[in-house]
Number of protein chains: 2
Amino acid sequence: MNAPLTEKTCGFADSQAVAAKLAALSHPARIEILRHLSASRSCCCREVVDHLDLAQSTVSQHLKILVDAGLVRYEPDRQRSRYEVDSDALEDVSRSLAALVNSCCSGR
Amino acid sequence: MNAPLTEKTCGFADSQAVAAKLAALSHPARIEILRHLSASRSCCCREVVDHLDLAQSTVSQHLKILVDAGLVRYEPDRQRSRYEVDSDALEDVSRSLAALVNSCCSGR
DNA sequence: AGCGTTCATCGTCTATCGGCGATAGACGAT
DNA sequence: ATCGTCTATCGCCGATAGACGATGAACGCT
C-alpha cells in the first residue's frame, strides 16, 4: 500500500506525496502539537490551546491539517474531541524522508 | 545522539528549526531538484530547468530556497553555477525528523 | 431551563508562496 | 565588438497559509 511501486526510480508523482506529508510537518506549531499530543497520550483541543498560546480556532485549524495529512487520528468524542498521534503514519513519513535522503546520498 | 540539549522537553525554539528545514523539502519541485542534483553529481541551473519543465526563474528560486535552507551547496562558477546536494545536511534533517517521530512514538 | 464549556466552521485580513516574463550582469565564442 | 548563453534578481500576479474573532451547535451540570 505504501510503496513497493517503482523501487528507487521513485518518480515524479511520488514527490508530491512526500512533499504533502512534509508540508504538514513544516510548521513549528504543528510540531509542538505533535509533541504535546504524544506526551499526553491523547487529548482534546482545549488542552493544546492552553499549552500553545494560540487562539482556539487557530489550533483547531492546525489539528485539522494534521488530521487531513493522516498524521493524527481524530475521534469526535461528544464535546471533548480526542486527538492522538498516528504513530505508524509518522514513522512512515520518517521512513519516506530517510529513503529520499538515502537515495540522494547514495553516491557517498 | 546529536542533541543532548534539553532531553525530552525539547523546546519551542527547536521546533522552528526543524520546521524550517522541512519547509524547504515540502515542495514536489524541490524534491525533484534534489533527486536530479544527486543523480547528476552536481549541475548547473540550466540542466535542472531542462529536466523540470519550469521557467528558469522559478527553478532559480527553488534552488535559492534549498541553498538558504542549507541543504544544497552553491558555488558561483563563472556562468555555470554549480549546485550540489549537501549530504550531511540532508542526513541531518532526516535524523532530526526521525528523532522527533521517535520521541512521539516512544509510548509504543 | 439555563449556564458554562468545548469545539468546528465561517469570514476576514495580512503575509507569504509559487509561478511567470523581463531585465541586467557575466562569460565564451565568433 | 558583438552576439548568444546562462544566471540571478526584480516586479507582478493569483492562490494559499496562518492568524484572529464571532458564531452556533452539542453537551454537562446545576
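Just so it is clear, the model here is predicted, and its values are computed rather than measured. Convention: sequence-line order gives letters A, B, ...; per-chain numbering from 1.
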Task: Heavy-atom closest pair, residues B:C43 and B:V48 - done: SG-CG2, 4.0 Å
Open item on the list: Applying a 4.0 Å non-hydrogen cut-off, can you work out what A:Q61 is touching in the nucleic acid: base, sugar-phosphate, or nothing?
Closed with: nothing
- [ ] Specify the residue among A:Q56 and A:A29 whose closest nucleotide of DNA chain D lies further upstream toward the 5′ end.
- [x] A:A29
Open item on the list: Rounded to whole Å, how long is the line connecting atom CG of A:L63 with atom P of C:dT6?
Closed with: 15 Å
Open item on the list: Any carboxylate oxygen within less than 4.0 angstrom of a Lys/Arg side-chain nitrogen, looking at B:D92 and B:R95?
Closed with: yes
Task: Nucleotide nearest A:S60 (side chain, heavy atoms from C-beta), chosen from C:dG18, C:dT9, C:dG19 - done: C:dT9
Task: Heavy-atom closest pair, residues A:P76 and A:S81 - done: CA-OG, 4.0 Å
Open item on the list: With a 4.0 Å cut-off on N to O distance, would you call B:D14 and A:R35 a salt bridge?
Closed with: yes
- [ ] Quickly work out the A:R80 CZ to C:dC7 P distance and round it to whole Å.
- [x] 6 Å
TODO: For C:dG19, take OP1 and OP2 only and decide whether either is under 4.0 Å from a side-chain N or O of B:H62.
DONE: yes
Open item on the list: Counting Watson-Crick and G-U wobble pairs with both distances under 3.5 Å, what is the dot-bracket string for DNA chain C, 5' to 3', using [ ] for crossing pairs and | for pairs to another strand?
Closed with: ||||||||||||||||||||||||||||||
Open item on the list: So which atom in B:C45 and which in B:V59 form the shortest heavy-atom distance, rounded to 0.1 Å?
Closed with: SG-CG1, 4.1 Å
Open item on the list: So A:S57, base contact, sugar-phosphate only, or nothing? Heavy-atom distance under 4.0 Å.
Closed with: base
Task: Protein-nucleotide distance (A:R46, atom CZ; C:dC7, atom P), rounded to Å - done: 8 Å
Open item on the list: Below 4.0 Å from chain B heavy atoms, what is the first contacting nucleotide of DNA chain D and what is the last?
Closed with: D:dT5 to D:dT9
TODO: Compare side-chain N and O positions of A:Y83 against OP1 and OP2 of C:dA8 and report whether any pair is under 4.0 Å apart.
DONE: yes
- [ ] Quickly work out the B:L52 CG to C:dC20 P distance and round it to whole Å.
- [x] 10 Å
Open item on the list: Assuming nearest nucleotide by heavy-atom distance, tell me which of B:K64 and A:D53 is located more 5' along DNA chain D.
Closed with: B:K64
Open item on the list: Once you measure the plane-to-plane angle for B:H27 and B:H62, does it fall in the parallel (<30°), tilted (30-60°) or perpendicular (>60°) bin?
Closed with: tilted
Task: A:Q16: side chain to side chain contact (heavy atoms under 4.5 Å, CB included) partners, not counting sequence neighbours - done: B:P28
Task: Single-linkage hydrophobic cluster, 4.5 Å side-chain cutoff, B:I65 and B:Y74 together - done: no
Task: Nearest non-hydrogen partners of B:A19 and A:I31, listed with the distance - done: N-CD1, 3.9 Å
